[in-house]
Amino acid sequence: MDRGELYRIQREIASRTILEDWISLDQIELVAGVDQAFLRGGDDEGEMIISAVVVLEYPSMKPLDSSYAILSVDFPYIPGLLTFREAPSIIKAFSSLDRKPDVLFVDGCGINHPRFAGLATHVGVTLDIPTVGVAKNILCGEGDLPVKEGDASIITYRGREVGYYLKSKKGCKPIIVAPGHKISPESSLKLVKSCIRGYKLPEPTRIAHLLANKIKRDGGS
DNA sequence: GCGACAG
DNA sequence: ATCTTGTCGC
């Protein structure tokens, strides 16, 4: 598959994206987060990708379930094409969950993407579930940087409002929040803000990150 | 052409 | 993302 074919797939995903709330915030009971870690490949084996998913009770943020998947990496990291590298393991890990969440937080872009189809959007459309993208760095788009903790500012790209910068914690660089699928930009921001518990990253993402690294330390298993 | 560039 | 100890700042 050449670059053009992959772009075509992303535009197809973007055309199927729904930016409306599939569930009102006050009806949410379970939220989940997924994050990746990598295992260095041996001399003859390629690297492996670990996707760890954690389901939390909302809004208590109490962990209720988790799962993970490990696959061999078959695609390089290319800005804008991250989905072809990480989506497979995320989908596999999510599918093996016992309890399905109302919304899934994915590390990376949502519609704040060159072709409006970041990892969170791609995963959301593929699994047909609400997703939110939470990134630590911006890929594209522009917006003012919020200065006060709790403040957020809109990020625009090609004339469209694609997400927000959120000053989630004082002393920390703002994180980027964007809708992935089946959720509005406003609700994405409100939901992420309501999942912050004293750290830079919202609990679903933070806990998933910890789990992914734990699995990695234990050599994957 | 040059620089930027999720994880 | 990953390789890595100490260290500066709130």
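Throughout, protein chains are lettered first and strands after them, A, B, ... in sequence-line order, and every chain is numbered starting at 1.
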Can you give me the closest heavy-atom contact between Ala93(A) and Ala69(A), atom names plus distance?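 Closest approach of Ala93(A) to Ala69(A): N-CB, 3.6 Å.
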Please, what dot-bracket string fits DNA chain C when only Watson-Crick and G-U pairs with both distances under 3.5 Å count, crossing ones use [ ] and pairs to another strand use |? ..........
Taking only heavy atoms on the protein side, list every residue of residues 119-139 of chain A lying under 4.0 Å from any atom of DNA chain B, sorted numerically.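 Close to the strand are Leu119(A), Ala135(A), Lys136(A), Asn137(A), Ile138(A), Leu139(A).
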Strand-adjacent residues in residues 164-179 of chain A, judged by heavy atoms under 4.0 Å from DNA chain B: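 Residues of residues 164-179 of chain A under 4.0 Å from DNA chain B: none.
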Is any side-chain heavy atom of [Y] closer than 4.5 Å to one of [X]?
| X | Y | value |
| --- | --- | --- |
| Glu161(A) | Tyr157(A) | no |
| Phe105(A) | Val34(A) | no |
| Tyr58(A) | Cys195(A) | yes |

Is it true that Asp128(A) and Lys182(A) have a side-chain N and a carboxylate O under 4.0 angstrom from each other?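 Between Lys182(A) and Asp128(A) there is a salt bridge, with a charged N closer than 4.0 Å to a carboxylate O.
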Just the endpoints, please: which first and last nucleotides of DNA chain C, 5' to 3', lie under 4.0 Å from a heavy atom of chain A?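 Counting from the 5' end, contacts occupy dA1(C) to dC3(C).
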Could you give the distance from CZ (Arg115(A)) to OG1 (Thr83(A)), rounded to the nearest 0.5 Å?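 It is 10.5 Å, given to the nearest 0.5 Å.
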Drop me the distance from Phe84(A)'s CZ to Tyr77(A)'s OH, to the nearest 0.5 angstrom.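 Interatomic distance, Phe84(A) CZ to Tyr77(A) OH, rounded to 0.5 Å: 14.0 Å.
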[X] side chain to [Y] main-chain N or O, any donor-acceptor pair under 3.5 Å?
| X | Y | result |
| --- | --- | --- |
| Asn112(A) | Val162(A) | no |
| Glu47(A) | Val73(A) | no |
| Thr205(A) | Leu201(A) | no |

Here's a test for you: under side chain to side chain contact (heavy atoms under 4.5 Å, CB included), which of Val125(A), Val103(A), Leu104(A) qualifies with His181(A)?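 Exactly one candidate clears the test, Val125(A).
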What's Leu81(A) touching, base or sugar-phosphate or nothing? Going by heavy atoms closer than 4.0 Å.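 Base contact.
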Over all strands shown, is Phe38(A) touching base, sugar-phosphate only, or nothing at heavy-atom distances under 4.0 angstrom?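 Contact class for Phe38(A): sugar-phosphate only.
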First contact, last contact: which nucleotides of DNA chain B are these for chain A, 5' to 3', heavy-atom distance under 4.0 Å?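 Result: dC5(B) to dG7(B).
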hydrophobic_cluster_shared for Val123(A) and Ile49(A), side chain cutoff 4.5 Å: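 Shared cluster, no.
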State yes or no: do Val132(A) and Leu189(A) share one hydrophobic cluster built from I, L, V, M, F, W and Y residues joined by side-chain heavy-atom distances below 4.5 Å, directly or via other members?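 The answer is yes; both residues are in one hydrophobic cluster.
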Cation over ring, Arg206(A) on Tyr199(A), under 6.0 Å and within 45°?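 Yes, cation above the ring, under 6.0 Å and within 45°.
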Does the structure place the NZ or CZ of Lys193(A) under 6.0 Å from the centre of the six-membered ring of Tyr164(A), at an angle of no more than 45° from the ring's axis?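 No, Lys193(A) does not sit over the ring of Tyr164(A).
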Heavy atoms of other groups near Lys214(A) NZ, more than 12 under 6.0 Å: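 Result for NZ/Lys214(A): open.
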Mind checking which stems touch DNA chain B? I mean at least 3 consecutive Watson-Crick or G-U pairs, both distances under 3.5 Å.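 Stems for DNA chain B, defined as runs of 3 or more consecutive pairs: none.
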With a 3.5 Å cut-off and no angle check, do the side chains of Ser153(A) and Asp144(A) form a donor-acceptor pair?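 No pair is found: no donor N or O on one side chain lies under 3.5 Å from an acceptor on the other.
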